[in-house]
Amino acid sequence: MPELPEVEVIRRSIEPLIVGRTIARVRTTGDSYFFLTPARLVAKGLRGRRVLAIERRGKYLVAALDDGASLLLHLGMTGQLLSSVARSPRLVRSAEKANWIAEPRVFAADEHTHLELVFADRGPRVMLRDVRKFGKCALRRPGEREPRLERLGVDALEACGPVLFAATRRRRVAIKSILLDQTVLAGVGNIYADEALFRACVRPERQACHTTEAECRNLAKAVTQILREAIGSGGSTIDDYVHPDGTDGGYSRLCRVYGREGEPCSRCGQRIRRVVIQHRSAHFCPKCQR
DNA sequence: CAAATCCCCTGCAGGC
DNA sequence: TGCCTGCAGGGGATTT
């Protein structure tokens, strides 16, 4: 799950590699769950088009084309945007272990490469690779509505107390579920939700309607701070991408609770606990978070 | 309307 | 060594 920071870092790294270039050829895998628009139509719609811009909306990437159409991408759990500047299958695998980060120095297409853009300038290709195919790809005709984007709430970088507080009223689900609800805040995923709850000292299981206005304010602030920090550190996985063995690196270093079940809390020493909330693991400090 | 459940997919870890 | 099971999870669709 690339979350907002990873998607933003990917956007920034891919922007100079794609904006202003004209797509000459498109290669795709066959239709699958991955293609919301049939692969054939995606290829047809992209051919000959120039990319004007690439933007991020929550965890989505949207590439604007010169005919007014747009390409919508979601990286799901294992999606990667890669460039063909160099080739190294080993680095692809390492990138997966290191958490789905795109690097502008990769690779040749393989069976998991669902979309490959070949440009008219014959320069580096851009590829979208996604092993588990939880990602999404859609082509929207000029002026066509995109319900997936329309549903999104406030971008999580703009999270604020009042929005969060309003969303928690009359909701009996866990507060963490509200943070993960993309129609409330767009961009927060499982990892940063845990981290924000830790920073704001709120227990993930707490019923949403039982959080106070002040807690929601703190939580919103924690969300924006943590996301900004993660972007600032290069999406939190960039660093260990270069570790040839793919062992734990930047990402887990930044996390205070996620993936740290049983380890001592960095604030109080209490053991970090893990519970399951709506089929997802939630990590928290039982002493710091109430 | 809210909430719970199911499902899409693949790789990998753990148990035996 | 190899097979089997369970787990990981974003998010939409369906059911309660």
Side-chain angles (χ1 to χ4, degrees), chain A residues 1-8 10 29-39 56-62 72-81 89-90 92-101 110-115 128-138 145-153 155-156 166-195 204-211 227 237 245-248 251-252 255 257-262 274-283:
Chain A
M1 87 282 11
E3 303 182 25
L4 185 151
E6 289 76 27
V7 176
E8 177 59 23
I10 288 168
T29 50
D31 281 327
S32 71
Y33 195 72
F34 178 83
F35 283 104
L36 298 173
T37 305
R56 181 190 58 75
R57 300 280 310 278
K59 299 176 196 171
Y60 286 91
L61 289 173
V62 185
L72 182 77
L73 300 174
H74 193 290
L75 299 177
M77 290 280 297
T78 53
Q80 303 170 300
L81 267 176
R90 199 169 65 86
V92 175
R93 288 193 297 275
S94 171
E96 271 168 16
K97 282 191 176 177
N99 267 331
W100 316 279
I101 283 300
D110 65 5
E111 75 271 25
H112 299 301
T113 305
H114 306 299
L115 189 66
L128 201 160
R129 188 173 180 273
D130 185 359
V131 170
R132 292 184 202 174
K133 291 190 268 196
F134 275 22
K136 299 277 178 288
C137 172
R145 295 177 58 197
E146 179 46 72
R148 285 162 197 272
L149 295 183
E150 288 171 4
R151 269 199 293 273
L152 294 180
D155 195 87
T168 58
R169 297 308 89 183
R170 258 185 310 282
R171 297 295 302 273
R172 298 205 270 190
V173 289
I175 181 65
K176 180 174 173 181
S177 297
I178 303 292
L179 292 183
L180 292 174
D181 186 341
Q182 302 299 299
T183 68
V184 177
L185 294 182
V188 179
N190 203 37
I191 295 167
Y192 293 110
D194 279 4
E195 295 301 313
E205 307 147 288
R206 176 102 69 82
Q207 278 198 337
C209 55
H210 290 163
T211 54
L227 295 180
T237 55
D245 61 357
T247 50
D248 282 355
Y251 200 84
S252 42
C255 288
V257 288
Y258 187 85
R260 294 194 179 281
E261 181 184 13
R274 187 181 79 90
V275 296
V276 174
I277 296 176
Q278 291 189 342
H279 288 154
R280 296 184 196 176
S281 57
H283 310 74

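Just so it is clear: chains get the letters A, B, ... in the order the sequence lines come, proteins before strands, and each one is counted from 1.
Side-chain proximity of A:S281 to B:dT10, C:dG9, B:dC8: nearest is C:dG9. Side-chain atoms of A:F134 lie closest to C:dG9 of the nucleotides C:dG11, B:dT10, C:dG9.
One can place CG of A:N190 at 13 Å from C1' of C:dC7, the figure rounded to the nearest angstrom. For the pair A:L36 CG and C:dG10 P, the computed distance is 17 Å after rounding to whole Å. Remark: C1' of C:dG12 and CG of A:L180 are 15 Å apart, rounded to the nearest angstrom. Regarding A:R280, its CZ atom lies at a distance of 8 Å from the P atom of C:dG11, rounded to whole Å. The CZ-C1' distance, from A:F34 to C:dG10, rounds to 14 Å in whole Å.
Among the protein residues, A:R274 comes within range of the sugar-phosphate backbone only, with heavy atoms under 4.0 Å from sugar or phosphate atoms but none that close to a base.
At its two ends the helix from B:dA2-C:dT16 to B:dC16-C:dG2 runs along axes set 50° apart, each axis drawn from five pairs and the angle rounded to 10°.
Note: A:H112 NE2 to A:K133 NZ = 8.5 Å, rounded to the nearest 0.5 Å.
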Let me have a per-nucleotide readout for nucleotides 1-6 of chain B, 5' to 3', with B, S or -, counting only protein heavy atoms under 4.0 Å.
-SSS--
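Listed pair A:K136 / C:dG11 fails the phosphate criterion, with no side-chain N or O lying under 4.0 Å from OP1 or OP2.
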